[in-house]
Structure formats: structure tokens, C-alpha cells
Asker: 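I am attaching a structure below and will ask some questions about it afterwards.
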Number of protein chains: 2
Amino acid sequence: MSSAHEVAAVAQRIFVERGFDATSVDDVAAAAGISRRTFFRYFPTKADVLFVDSPREVERFRAGLAAGRTGESWRARVVRAVVEALEFPPEERSWAFHRAQVFFAVPAVQAHAVRVWAAWRQLAVEHARTVPHADPLFPLAVGHAVLAATLAAHEHWTRHPGEELGVLLARMLDLLLPPDGAAG
Amino acid sequence: MSSAHEVAAVAQRIFVERGFDATSVDDVAAAAGISRRTFFRYFPTKADVLFVDSPREVERFRAGLAAGRTGESWRARVVRAVVEALEFPPEERSWAFHRAQVFFAVPAVQAHAVRVWAAWRQLAVEHARTVPHADPLFPLAVGHAVLAATLAAHEHWTRHPGEELGVLLARMLDLLLPPDGAAG
DNA sequence: TTCCGTTGTGACACCCGGTGCCATAACGTG
DNA sequence: CACGTTATGGCACCGGGTGTCACAACGGAA
């Protein structure tokens, strides 16, 4: 009764009930039946509880970028990779949604998300380097566009839970990814 | 000898010398000749020292957006407002550059910047709402594009100090701001 | 001058997130 | 059973941040 995921599940429930800031690590540890010290062995910081699945998502994003389809434009590939990486099975959707809610309700968590998602940016930058473009700033712009679109889509999602996250991600990326620029 | 700007100047010097994390608030307070408690009356958090001028920059951004020129496209207006807001007189350039360096060297500071720049995003979103566009996600996308471009330009700037921040901002915004979409 | 209210400052205690260190319990292996 | 490894817990500590109180500095009014 003490895998990282189980502790995270307990923690997230309390966060939603009582609020992130109003919940101390001791509270979570007590509720999960572990000691405070053990909590910090599972998660480097309190906010990291909300990002248990982050490594898996990053890996899916990386795999999605690598899995090219013939005739697929770089934009289409990035969009597909992001959407696939953030697709959740139905039973995880409410978890993902609660996580997004806490994101935008608690500035500290939102700030932490940026750190966690730096890996996304890096992968996107490396991918964009393979695309010929007139402006040398292009790869960095793609990296930040991926991050911004992910954040923006989640932000909109928290305010319109009925809409599909995947659709929102695709539309945001379509708005934010730089245009092609063989000559710029 | 204890205005907020004077304390900030002392703090920034120590941060650059010794590093942000390796410098405690007590160190800064002692160096500035004030007590720890007084420091926290000047600045809500340690990281806020780096953002003394933030309110002024936000105000300049707001004013820049409001000051429309006849025949100016919304994109041109946003670009001009951002560039003007982040233009520094020569004697402040090195301060701005050091601040940018600390940004990207210290995750905690980078995280804090996101919080501070939420005001920018909000202003940009409101401005974008006045622009007709087929996709209702457009205003939010503009807001995040402004933020992403600012971050990206600063990131590139820290690695290429010789280039002009204003030029980098304009180019990044050109890459990241969504295209027009009267029909989308 | 004295009295008084306001404001800025400092000192102290406290909470909480995070870490290093050490003791010990749990476990598989010989 | 004895052993080494690993997971866990307890403890002390650091640093950021806050609430509370005491006191000094200052200016105005009598």
C-alpha cells in the first residue's frame, strides 16, 4: 500500500478537497500511512506528486516524434506526437483533469509544471533542428510553441471541461507553431 | 540607504558573485544593512528582488498596446508594445542581462518569472479579444505566444549576448504569434 | 517643550518544505 | 540461522516566509 502511484492518488484526493497550499506534506504522509521522510524519497518535492506520470508522457512524446509517417509534414508530426503523448484512457481522465485544475489554481504548481515540461521543449527543439528554415531562431520557437500550446490547451480545458483535450491541443498547436519558412 | 532599488542592487551583485541559491536572505539583508524581516517587507519573496522593475514594464506594455497607430495591424502593435516595454537604457542593460542569466540558471527563478509574467499574458489576451478571428482559442493563444516569445528571446539572448534583445523579441513574436484568421 | 499618533524597523517565535545522518526493520540469500 | 542489502523512520538542521509585539523615529498639535 505504498507505491508512488498510490501515494499520489491519496495526495491528489486531499489536494482537491482541501487545496494544495493548505495541505502539508505531513498530512499527505499520514493519510498515505508513510512517514514524511519516506514521502520525500518517493517525490523530490511536494508538487512532484502531481507529475507522477510525467516521465511516461515525455517518453511517449519522444516516441511520437521519432515515429514518422511517410509524407507527414513536420507540423503534423509535432501535433500528432503531443496529442498522443497526452491521450489518457477514460479511467485516467478525471485524474488528468484534477491535475490540470490544481495547475492553474496554484501558481507554485504552475511554475513547477514549466520545469517539468522543459524536457518537452528540449525534444521539440531537437526535432525542429531537422527542419530547414530561414530563421535560426526557428527551433527554439518550436520548442516554446509546444510548451505554450500545452499550457494554453490545459488552461482552456479547465474552464471548458466538456471539450476534448486532444482537440484543444491540436488547435492550439495549429495557432502557435511557426509557419514553414524555406525562405524567410 | 534602503530603498527597494538599492537593496535590489546589492542583492543582484551578490547573486551574480555567489549564485542565487547559495545566497541566503540573511546575507542580502546584512549586506544591505537591513534586517531579514525588513527585507521581506520590501519584497514578498527572495526571487522578487530580480523583478523590481516588473510593474513598470507591465505598465509600459499596457500603454504600448493602448497607443494604437493608424493602419497598424494587431500583430505589429503587439510586437511594438513588447519591444518598447523591454527596452532598457544602456546603463540598465547589464542589469537586465544578469537578471536573464539568473532566470535560466536557477529553476526557482524561472518558475517565479512565469508567475510575474501572468500579467503580460492577461493584457495580451484582452487585446487579442478585440481582434476578429474564427477560432475562439485565438485570444488565449496570443497571450501564451507573447509569454513564450519573451521567454524564448531571453533564453537565446543569454546564449548570444551580442545580439539585440529587441530584435530577438520581434523575430520570436513574428514566429510565434498566430496568423490572421478572418476565416479559419 | 511635551504629548500623541503614525510609520518604519527589528527581534522573536513559529510553520513548512526540503536534506543529511543514523538507527533499525524487512527482505532475500548463503 | 547469519548475512548483506534495501526500505523505512526518527531526528536535527537549514532556509524561505509570516504573524506578533516592542520600540524608535518622525511630525503635528497643544
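These numbers come from the heavy atoms of this one structure, side chains and all, not from hydrogens, waters or symmetry mates. In what follows, chains are A, B, ... by sequence order, proteins preceding strands, each numbered from 1.
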Asker: Please report the distance, rounded to the nearest Å, between CZ in B:Phe40 and P in C:dA11.
Answerer: 15 Å

Asker: Rounded to whole Å, please give me the gap between CZ in B:Phe43 and C1' in D:dG15.
Answerer: 18 Å

Asker: Counting heavy atoms from C-beta on, name the nucleotide in D:dG17, C:dG18, D:dT8 closest to the side chain of A:Tyr42.
Answerer: D:dT8

Asker: Whole-Å distance between C:dT19 C1' and A:Phe39 CZ?
Answerer: 14 Å

Asker: B:Phe20 has an atom CZ; how far is it from atom C1' of D:dG15, in whole Å?
Answerer: 12 Å

Asker: Under the criterion ring-ring contact (aromatic ring centres under 6.0 Å, His included), which of B:Phe97, B:Phe20, B:Trp117 is the partner of B:Phe103?
Answerer: B:Trp117

Asker: Tell me the interatomic distance from A:Arg36, atom CZ, to C:dT19, atom P, rounded to whole angstroms.
Answerer: 10 Å

Asker: Does a distance-only test, which skips hydrogens and angles, find a donor-acceptor pair under 3.5 Å between the side chain of A:Arg41 and the base of D:dG9?
Answerer: yes

Asker: Could you state the CG-P distance from A:Asp27 to C:dC16, rounded to the nearest angstrom?
Answerer: 8 Å

Asker: Among C:dG17, D:dG16, D:dG9, which is the nearest nucleotide to the side chain of A:Ser35?
Answerer: D:dG9

Asker: Considering only side-chain heavy atoms of A:Thr38, which listed nucleotide, C:dC21, D:dT8, D:dG17, is closest?
Answerer: D:dT8

Asker: Rounding to an integer number of Å, can you tell me how far A:Arg37 CZ sits from D:dA12 C1'?
Answerer: 12 Å

Asker: Under 4.0 Å between a side-chain nitrogen and a carboxylate oxygen: does that hold for A:Arg99 and A:Asp53?
Answerer: no

Asker: Among B:Arg69, B:Arg77, B:Arg62, B:Arg60, exactly one meets salt bridge (charged side-chain N to carboxylate O under 4.0 Å, His left out) together with B:Glu84. Which residue is that?
Answerer: B:Arg69

Asker: Nearest to the side chain of B:Thr45, which nucleotide is it out of D:dG17, D:dG15, C:dG10?
Answerer: D:dG17

Asker: Measuring from B:Glu87:CD to B:Glu57:CD, what's the distance to the nearest 0.5 Å?
Answerer: 12.0 Å

Asker: Nearest whole Å is fine: how far is D:dG15 P from B:Asp26 CG?
Answerer: 7 Å

